[in-house]
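Presented below is the structure to which this report refers.
Everything numeric in this text was worked out from a predicted model, so none of it was measured.
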Amino acid sequence: EWNGPFTAQVINQAVDSGALALNMSWTTRREVPCSPSGYDPDIRQSLVRAYNYNRVSVAAMGNESIECRAYPAGYGHGIIAVGAITSTGERIYNWGNHIDVVAPGTGILTTSAGGGYGNVSGTSFSTPHVTGLASLLQAFYQSRTGGNLYNDDIENLVRRSATNMETPGWDKFTGTGRIDADSAMKLLLPPNDLAQLV
């Protein structure tokens, strides 16, 4: 059984410790794909708090290869929902009306539970690419200006700089496309100007 209050507590602790970006390579769905029981009010509230504290929340779309609103990716505003692509650019795993971007999600080298290393696949492994990009953008902006980006700034930079994959603009299969760190960072360089409206 999923423990929503405990997970919410961990998210709150991460926010209170000063974490800039929250990487959520998990979903709260139970046995039935896309079951509404995956929505958890405790987790949702903790992520609203994270957003209000200017944290970036990045979540995996899920791996059933269906159109699905998995949570926490499915909570919407304040969450960057990440799908996966192969090394040749093919879309894989879940999609839906809440997807923001895609990132590499197959053949990812990582540590193994029994020791050593192995290749893994899934949106759980595409999500950290986006979390890393979010942190990179904040550090790059701070080094140039001494200021901080808002979480909405980072989400928009990630989305606007993505390389389109399937149809022009946004689509429910790949969002705005494959993340592109170089293009995202260039959006913070002249002649571009970031205006933060209050």
Side-chain angles (χ1 to χ4, degrees), residues 14 19-27 47 50-51 54-65 67-110 119-144 148-189 192 194 196:
L20 163 73
L22 307 175
N23 185 85
M24 295 173 286
S25 290
W26 45 270
T27 66
L47 291 172
Y51 176 81
N54 198 36
R55 305 307 194 260
V56 178
S57 298
V58 187
M61 288 287 292
N63 302 327
E64 292 79 15
S65 297
E67 184 169 355
C68 181
R69 182 170 287 274
Y71 299 99
Y75 287 130
H77 183 72
I79 310 292
I80 303 177
V82 184
I85 55 170
T86 67
S87 60
T88 58
E90 295 176 77
R91 171 185 52 85
I92 52 172
Y93 305 123
N94 292 5
W95 65 92
N97 288 330
H98 56 293
I99 191 170
D100 289 299
V101 290
V102 292
T106 57
I108 307 298
L109 184 64
T110 188
N119 289 318
V120 293
S121 298
T123 58
S124 289
F125 304 100
S126 54
T127 302
H129 290 284
V130 180
T131 307
L133 176 55
S135 298
L136 179 66
L137 287 169
Q138 182 70 279
F140 184 64
Y141 186 75
Q142 284 178 338
S143 70
R144 291 194 64 254
N148 290 309
L149 293 168
Y150 292 115
N151 46 20
D152 286 335
D153 295 332
I154 292 173
E155 179 173 353
N156 284 322
L157 287 164
V158 169
R159 288 172 52 99
R160 288 179 59 99
S161 62
T163 302
N164 201 256
M165 300 288 296
E166 299 206 358
T167 58
W170 178 93
D171 64 75
K172 69 179 182 178
F173 300 106
T174 61
T176 58
R178 182 187 68 241
I179 63 166
D180 185 329
D182 183 58
S183 294
M185 292 172 69
K186 284 178 178 174
L187 288 176
L188 294 172
L189 295 173
N192 300 313
L194 177 68
Q196 296 172 319

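Of the inter-residue distances, the one linking W26 atom CH2 with T127 atom OG1 reads 11.0 Å to the nearest 0.5 angstrom. C68 SG to N63 CG: the interatomic distance, rounded to the nearest 0.5 Å, is 10.5 Å. With rounding to the nearest 0.5 angstrom, the CG atom of L194 is 10.0 Å from the OH atom of Y150. For the atom pair CZ of R69 and CH2 of W95, the computed distance is 14.5 Å after rounding to the nearest 0.5 Å. Atom CG of residue L133 and atom CG of residue D180 lie 8.5 Å apart, to the nearest 0.5 angstrom. In this structure, the separation between NE2 on H77 and NE2 on H98 is 15.5 Å, given to the nearest 0.5 Å.
Side-chain atoms of S161 do not come within 3.5 Å of backbone N or O of S183 as any donor-acceptor pair. No side-chain donor-acceptor contact under 3.5 Å links R178 to the backbone of G89. Checking side-chain atoms of N151 against main-chain N and O of S57 turns up no donor-acceptor pair under 3.5 Å. Not one N or O on the side chain of T123 forms a donor-acceptor pair closer than 3.5 Å with the backbone of A60. Using a distance-only test at 3.5 Å, with no hydrogens or angles considered, a donor-acceptor pair links the side chain of N94 to the main chain of E64. Side chain of T176 to backbone of W170: no donor-acceptor contact under 3.5 angstrom is found.
Identified under the salt bridge (Lys or Arg N to Asp or Glu O under 4.0 Å) test for residues 151-164, with sequence neighbours left out: D100-R159.
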Starting from the C-alpha separation in whole Å, work towards a yes-or-no answer on side-chain contact (heavy atoms from CB on, under 4.5 Å) for I79 and Y51. CA-CA 8 Å; I79 310 292; Y51 176 81; over 6 Å; no

Between K172 and E67, is the side-chain contact (heavy atoms from CB on, under 4.5 Å) condition met? List the steps. CA-CA 9 Å; K172 69 179 182 178; E67 184 169 355; 3.1 Å; yes

Kindly indicate, with the supporting measurements, whether the criterion side-chain contact (heavy atoms from CB on, under 4.5 Å) is fulfilled by R144 and L189. CA-CA 9 Å; R144 291 194 64 254; L189 295 173; 3.4 Å; yes

The test is side-chain contact (heavy atoms from CB on, under 4.5 Å); show your working for I154 and Q138 and say whether it passes. CA-CA 8 Å; I154 292 173; Q138 182 70 279; 4.2 Å; yes

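Between S126 and G83 the shortest heavy-atom distance is OG-O, 3.2 Å. Scanning all heavy atoms of the two residues, the minimum distance from L22 to A50 falls at CD1-CB, 3.8 Å. The two residues G62 and Y93 have their closest heavy-atom pair at O-CB, 3.5 Å. In plain terms, the two heavy atoms of V130 and A103 that are nearest each other are CG2-CB, 4.2 Å. The two atoms that bring T110 and V120 nearest to each other are CG2-CG2, 3.5 Å, heavy atoms only. Of all heavy-atom pairs between G105 and I92, the closest is O-CD1, 4.4 Å.
In this structure, the side chains of I99 and M61 come closer than 4.5 Å at one or more pairs of heavy atoms. Using a 4.5 Å cut-off on side-chain heavy atoms (C-beta onward), L149 and L188 make contact.
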